[in-house]
Structures are given as structure tokens and as C-alpha cells.
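Below is one structure, written out as C-alpha cells; comments come after it.
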Amino acid sequence: MSDSELFRPAFDGSPIGMVVLGADGALLDVNGAFARIVGRTVAGLRTYRLRDLTHPDDIPRDEELRWQLDNGELPYFQAQTRLVHRNGDSVWTRMTVSPVTGEDGVQRYLAHVEDITEIRRAKDLLERRALYDHLTGLANRTLLLDRLEAALEARRTDAHTVACVFLDVDHFKVVNDSLGHAAGDSLLQEIARRIKGAVRPGDTVARLGGDEFVVILESIPTQAAAEAFLTVLAADIQVPFTLSGHEVVPTVSVGLALAEPEITAESLVRNADTAMYAAKQRGRARVEVFTSELRSHALNKLSIEAELRTAIREGELVVHYQPIVRLDTAEVVAYEALVRWNHPNRGLLLPDEFIAICEEANLVVPLGAFVITEACEFIASHPEFKGRVFVNVSTRQIGGADLTRVVTGALEATGIDPGRLGLEITESGMLIATQAAHSDLDGLTALGIDLIIDDFGTGYSALSSVLLNPVSGIKLAREFTLRLGDRGTGDRISTTVATLTRSLGMSGVIEGVESEAQRAIAREHGWQLGQGFLFGHARPAHELDLGDATAMAGGL
């Protein structure tokens, strides 16, 4: 039996595509497996050359490899080649081509062709998952940094610069908490679409996670040009759209950073992030440009954050107590517990100097637990004090941090009457719509804890705060006390809120009373209780005359 007789059954019956090629790439012979790969008949394929069935982008490489084969530089070659199916689809194949000499002495080529389309699809899917955000389809951090490094490298030979834009969606948590995570995802997808539609074709848009997006503007001529782009982008993002039946007008806080000599991709993104944080701190829905001053501020913030962790661990935090009094007699009826930081180098620091950083660093939960525990121990260790102590509670402590459990633990450890402790919560805290938050608030009132709305009037829905939650008291914000005696809006608001608290059977405290004139006007408006520097600053427990404090009337 001749070689050709042995070869033919193996050739025709092979499950792998097999092709005999002429010197010019003509298909001299093909088997059924190859015909199925390209969706044609065996007979019909004998009129084709291999390049007629090859994806145009792969032809130059394959012809170069065959040239090397012809010149003895390669004994054979293997390549992943895309063939074109009859229906127009690309079919990924692993093609191995070897030279063969027939019985007639003419050199030809034998190609083994395996369909690896499914393998390639799986590989592409894994690569996509590794480099792209699954929710929005945008680049992820890994791909962003890779492209940014390339852009920075190209900048060294380009007169233009590279700009990094860091965007954070304003009040995104409100959407998630009130409308649900599905609505939050829809919002992120819509914002991603709007950003993608605003950038130039060569620019990169990425989502870093949560509600944070980054845009890389390559080859941007000036800072002014980048800022002009951001003006257009902000306008595109702020177009209203309907989300779960509610009209939403999204805004973003934006940080802009321009590439400096020898800067790394990580550093440039960090600079833009720092500028974005400044935009949030300065009112949101705005653009801030990174400066060396912002860098210094960020480093100082990190330093304070590290020191705060040490302060909580080492007991550097202390609690001072400010009196709440009857306006007519100045008799002390309660105290507000206010945290202070006894800094080893900077002295006694007030909350304004560290609470914001505490919130961002997620340290406010252990800090809040400390103050609640201290307040309960204060009550337990001073039986001569018959009034109540009120503690400020951060919105981060409600719901997820299980505030009810923290309070219960402090009450059980000290054995005090729950009615002696009150919690002051801002309006935004009262308005948190999560089930966990409502459960926390209901659990606290079930314990017998009074909930007080602090800084009443400074939130965005004060009356609903009162109506929708188990509130037993209101503290009018200092901003309104400063306007007492204006014979206008200030006086009308003060009188109205005092009347509201009485009509609802609640206790009311007017904050920020600093003069006898303010005290007199507050009494005229109907306020019975007040707090402010006129009656005393916050002081440590050992400096208080607790024997004068009596049980507070009116339920507070």
C-alpha cells in the first residue's frame, strides 16, 4: 500500500481540520473537519486560497511566517489564526503548518487546523473580568493604571500634558438607602454612559468601585482646556432623568490633577482624589484643582487619623459636660456630653478639629461608643445628680453599627435607669430610610431612651423628621438664636418652633444662648430651656457643681 493510500483515510477521517496547500497558498485538498470550520463544502473549497479565508488582520503575519518556513528559518510554525466562516463570523483556530514533499517531488504544506473559538471566548471573558468593571463595562483600576502609565510615558515626548479627573457622585448613599441598590446601580450605569459620551475617543473612563469614576485626558494642552471639558461634562451629568419613578438630578464632586515631571500613575490618581475630597468639603457639585497646599492638607489629615487611632486606644479622649438650664431661673436640669481630645502636644482639642476626620476614617463608631459609656458611668458615679445626660450620635452609628446594642451594653454595665440617658441625632440621621436604621431607633425608644433632634432647622426636611420618627424633643439650632430680635424671619422661626414643641407635647431647648438679651427674647417666644455660653462652657465632671442639678420637667 502506498503512502498516499495510507494517508487518505487518516486525512479524511481526522476530527481536526487538515489542509494541503500549494506553494501559492491554494487549497489543493481539504478534509470534512476543515470544511465544517469555515462552513463550506470540500469540493467548493478547492477553488480558494488560504488567504481568501483568513481574517485580513492576520494575513501579513501568516505570510511572514510562511516566508520564514520557505527559507529554512523555521522547521514549522504554529499561530492562532482567525478564519472567516461563510456567515461572516470569525473563527479562532490554532493552525500548525509544516512543509511536505509529495511522491511527485513537489513541495507542499500540510496544515492542521483546530477550532479554539470557545477557548478564546473563555479567555477573553476572563481578561475582560480582570480589566473591566462588570456593572458599567468601563475600565477598572488595573486597566486604568496601565493606560495612564502609557500616557505618562508618551507625554515625555509630547508638548501637551495628561490630566486625571476624579469624580464622586454626590449623595449617592441617599439614593441607595431610599430607593434600593438596584436603583443605585441604574444611577451608576447612567452616569457612566454620560461620562463615556462626553470624552474624546482616545480618553479612558474607569470606575474604581462604589460611586467613584476616573477620566484620563491624554494630550491635553492646558489646565484651562481640561477645566473647559469639565464644564461640559458636569452639564451632561446634571441632566434630569427618572429613576424608580423619581426625578433625579445627579451631580458630582470633581478633582482635577495635571501630570508633573516624573509622576507615577498611582500618584496622579491620588492627587486627583485629594482634589475631589476638597470639592466635597467645600460644598459638592464643584471642581477643585490639585495644589501643593492640598497635598499638605491630605498628609496632615493622615497624620491626625493615625493619632486619633492612638488616642482612642490610649485613652486620650475625655468627656466634658455643658449645662442645659431653665431660662427663667438658670437652674441646671441636664448636661450634654461633649467629647474632647487631650492631645499630648497640641493640648485640648474641640470636636471641630477632629470629628470630620473621625467620620471619614470610620472611627466615629468606637468614639461614639466611648462617649455613651462615659456618660452612663458619669450618671452612675454621681448619685447626687438627678437630671439627664444627652449624647450626640453620628448617623454612622445608626443601623449598621447596632447603636441599640452599644447603649444596652452601657446601661447593663452601669446599672443606670435608661430614662436618665438621651441621644441627640441630627435631622439627616433621623431621615435615614434603611430598615436597620429604623429598627435601631425603635429599639432605643423601647429601652426608654429619649431621642432628640439636634440642630433642628438645618436639615432638608425638619418637619418630617419629627413626624416619621419616635422623637421626644427638639433643640433649635444656634443659627436661629443668632437672629433673635431681628423682628423678622429669625423671630418668627423661633416662635413657631417653640409653639410646635409645646403642641406636640415635646421638650424644647434653644441652643447658643450667649447674652441676657437672647435669653429674654427666647423666653418671650415660649422657650423654657436653654443652652449656651451664657450659662456655662463644657467642663470636666470634677469641676461641676452637681448638687444643683435637678430632674428636668417637661419630659426632657
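Just so you know, residue 1 is the first one in the sequence shown, and it goes up from there.
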Exercise. Donor-acceptor pair, Thr481 side chain versus Glu511 backbone, under 3.5 Å?
Worked result: yes
Seminar exercise, completed: Rounded to the nearest 0.5 angstrom, the OG-CD1 distance for Ser186 and Ile191 is 11.0 Å
For residues 346-358, run the donor-acceptor check on the side chains, cut-off 3.5 Å, and write out each pair with its distance to 0.1 Å, sequence neighbours left out.
{"unit_1": "Glu353", "atom_1": "OE2", "unit_2": "Leu350", "atom_2": "N", "d": "3.2"}

Exercise. Looking at OG1 of Thr408 and CD1 of Ile372, how far apart are the two atoms once the value is rounded to the nearest 0.5 Å?
Worked result: 10.0 Å
Exercise. Is any side-chain heavy atom of Val289 less than 4.5 Å from a side-chain heavy atom of Gln223?
Worked result: yes
Problem set entry | Check: Gly490 main-chain N/O paired with Ser494 side-chain donor or acceptor under 3.5 Å | no
Seminar exercise, completed: Closest heavy-atom pair, Ala410 versus Cys376, reported as atoms and distance to 0.1 Å, is CB-SG, 3.8 Å
Exercise. Is there side-chain contact between Thr373 and Glu377, with heavy atoms separated by less than 4.5 Å?
Worked result: yes
Problem set entry | Residue pair Glu266 / Leu145, side-chain heavy-atom distance below 4.5 Å | yes
Problem set entry | Asp133 side chain to Thr136 side chain, donor-acceptor N/O pair below 3.5 angstrom | yes
Exercise. Is Ile452 close to Ser472 at the side-chain level, that is, under 4.5 Å between some pair of heavy atoms?
Worked result: yes
For this session: List in chain and number order the residues that pass side chain to side chain donor-acceptor pair (under 3.5 Å) with Glu514, two or more places apart in sequence or in another chain; answer none if no residue qualifies.
Result: Arg478
For this session: For ring pair (Phe, Tyr, Trp, His ring centres under 6.0 Å), just list the numbers for Phe385 and Tyr335, CA-CA rounded to whole Å, side-chain angles, deciding distance to a tenth of an Å, and then say yes or no.
Result: CA-CA 10 Å; Phe385 169 60; Tyr335 286 97; 5.6 Å; yes
For this session: Check step by step if side-chain contact (heavy atoms from CB on, under 4.5 Å) holds for Val162 and Leu258.
Result: CA-CA 6 Å; Val162 176; Leu258 301 179; over 6 Å; no
Exercise. Taking the side chain as C-beta and beyond, is there a heavy-atom pair between Ile216 and Leu144 under 4.5 Å?
Worked result: yes
Show every donor-acceptor pair shorter than 3.5 Å between a side-chain atom in residues 309-322 and any protein atom, with sequence neighbours excluded, or say none if there are none.
{"unit_1": "Arg309", "atom_1": "NH2", "unit_2": "Glu305", "atom_2": "OE2", "d": "3.3"}
{"unit_1": "Thr310", "atom_1": "OG1", "unit_2": "Ala306", "atom_2": "O", "d": "3.3"}
{"unit_1": "Thr310", "atom_1": "OG1", "unit_2": "Arg313", "atom_2": "NH2", "d": "3.4"}
{"unit_1": "Glu316", "atom_1": "OE1", "unit_2": "Trp341", "atom_2": "NE1", "d": "3.1"}
{"unit_1": "Gln322", "atom_1": "OE1", "unit_2": "Gln531", "atom_2": "NE2", "d": "3.0"}
{"unit_1": "Gln322", "atom_1": "NE2", "unit_2": "Gly536", "atom_2": "O", "d": "3.2"}

For this session: Please check if the side chain of Ser267 supplies one atom and the backbone of Ile263 the other of a donor-acceptor pair under 3.5 Å.
Result: no
Exercise. What pair of heavy atoms forms the shortest contact from Ala337 to Val391, and how long is it?
Worked result: CB-CG2, 4.1 Å
Seminar exercise, completed: CZ of Phe390 to CG of Asp454, rounded to nearest 0.5 Å, is 11.0 Å
Exercise. Can you name the salt bridge (charged side-chain N to carboxylate O under 4.0 Å, His left out) partners of Arg420, sequence neighbours left out?
Worked result: none
Exercise. Quick one: salt bridge (charged side-chain N to carboxylate O under 4.0 Å, His left out) partners of Asp486, sequence neighbours excluded?
Worked result: Arg483
Problem set entry | Check: His382 side chain, Phe378 main-chain N or O, donor-acceptor pair, under 3.5 Å | yes
Problem set entry | Residue pairs involving residues 520-533 (criterion salt bridge (Lys or Arg N to Asp or Glu O under 4.0 Å); sequence neighbours excluded) | none
Identify all side-chain donor-acceptor contacts of residues 236-251 below 3.5 Å with residues at least two apart in sequence or on another chain.
{"unit_1": "His246", "atom_1": "ND1", "unit_2": "Ser244", "atom_2": "O", "d": "3.0"}
{"unit_1": "Thr251", "atom_1": "OG1", "unit_2": "Asp170", "atom_2": "OD2", "d": "2.7"}

Exercise. Which pair of heavy atoms, one from Ile449 and one from Pro418, lies closest together, and at what distance?
Worked result: CD1-O, 3.3 Å
Seminar exercise, completed: Hits for salt bridge (charged side-chain N to carboxylate O under 4.0 Å, His left out) against Arg286, two or more places apart or cross-chain, chain-then-number order -> Glu288
Exercise. Under the side chain to side chain donor-acceptor pair (under 3.5 Å) test, which residues partner Arg340, sequence neighbours left out?
Worked result: none
Problem set entry | Contacts of Arg492 that satisfy salt bridge (charged side-chain N to carboxylate O under 4.0 Å, His left out) - sequence neighbours left out | none
Problem set entry | Leu294 to Ala275 - nearest heavy-atom pair and separation | CD1-CA, 3.9 Å
Seminar exercise, completed: Residues Leu403 and Gln397: closest non-hydrogen pair is CB-O, 3.3 Å
Exercise. Which is it for Val393 and Ile398 under the side-chain contact (heavy atoms from CB on, under 4.5 Å) test, yes or no, and what are the steps along the way?
Worked result: CA-CA 8 Å; Val393 173; Ile398 306 171; 4.2 Å; yes
Problem set entry | Pairing residues for Thr495 by the side chain to side chain donor-acceptor pair (under 3.5 Å) criterion, not counting sequence neighbours | none
Seminar exercise, completed: Of Leu233, Leu167, Leu230, Val252, the one forming a side-chain contact (heavy atoms from CB on, under 4.5 Å) with Val287 is Leu230
Problem set entry | Listed partners of Ala235 passing side-chain contact (heavy atoms from CB on, under 4.5 Å), at least two apart | none
Exercise. So, the side chain of Thr501 versus the backbone of Ser507: is there a donor-acceptor pair under 3.5 Å, distance only?
Worked result: no
Problem set entry | Side-chain heavy atoms of Val333 within contact of Val325, under 4.5 Å | no
Exercise. Is a side-chain donor-acceptor pair under 3.5 Å present for Ser253 with Asp168?
Worked result: no
Exercise. Can you check whether Glu543's main-chain N or O pairs, donor with acceptor, with Arg539's side chain at less than 3.5 Å?
Worked result: yes
For this session: Kindly determine whether Trp527 and Val513 satisfy side-chain contact (heavy atoms from CB on, under 4.5 Å), including the steps that lead there.
Result: CA-CA 11 Å; Trp527 292 100; Val513 179; over 6 Å; no
Exercise. Do any N or O atoms from the side chain of Asn271 and from the backbone of Phe290 form a donor-acceptor pair under 3.5 angstrom?
Worked result: no
Exercise. Asn392 and Glu336: side-chain donor and acceptor closer than 3.5 Å?
Worked result: yes
For this session: Compare every heavy atom of Ala198 with every heavy atom of Phe229, then report the nearest pair and how far apart it is.
Result: CE1-O, 3.5 Å
Exercise. Run the side-chain contact (heavy atoms from CB on, under 4.5 Å) check on Leu327 and Gln528 step by step: do they pass?
Worked result: CA-CA 6 Å; Leu327 288 175; Gln528 295 181 353; 6.0 Å; no
For this session: Would you tell me whether Glu293 and Thr291 have side-chain atoms, one donor and one acceptor, within less than 3.5 Å of each other?
Result: yes
Exercise. Can you tell me how far the CG atom of Leu504 sits from the CD1 atom of Ile474, to the nearest 0.5 Å?
Worked result: 6.5 Å
Exercise. Taking atom types as modelled and ignoring hydrogens, do the side chains of Thr496 and Thr499 form a donor-acceptor contact shorter than 3.5 angstrom?
Worked result: no
Problem set entry | Side-chain heavy-atom pair Val215, Leu217 within 4.5 angstrom cut-off | yes
Exercise. Are any of the side-chain heavy atoms of Thr404 and Leu447 separated by less than 4.5 Å?
Worked result: yes
For this session: Report the distance from atom CG of Leu451 to atom CG of Leu423, rounding to the nearest 0.5 Å.
Result: 6.0 Å
For this session: Inspect the contact between Arg207 and Glu212 and indicate whether a charged nitrogen and a carboxylate oxygen are less than 4.0 angstrom apart.
Result: no
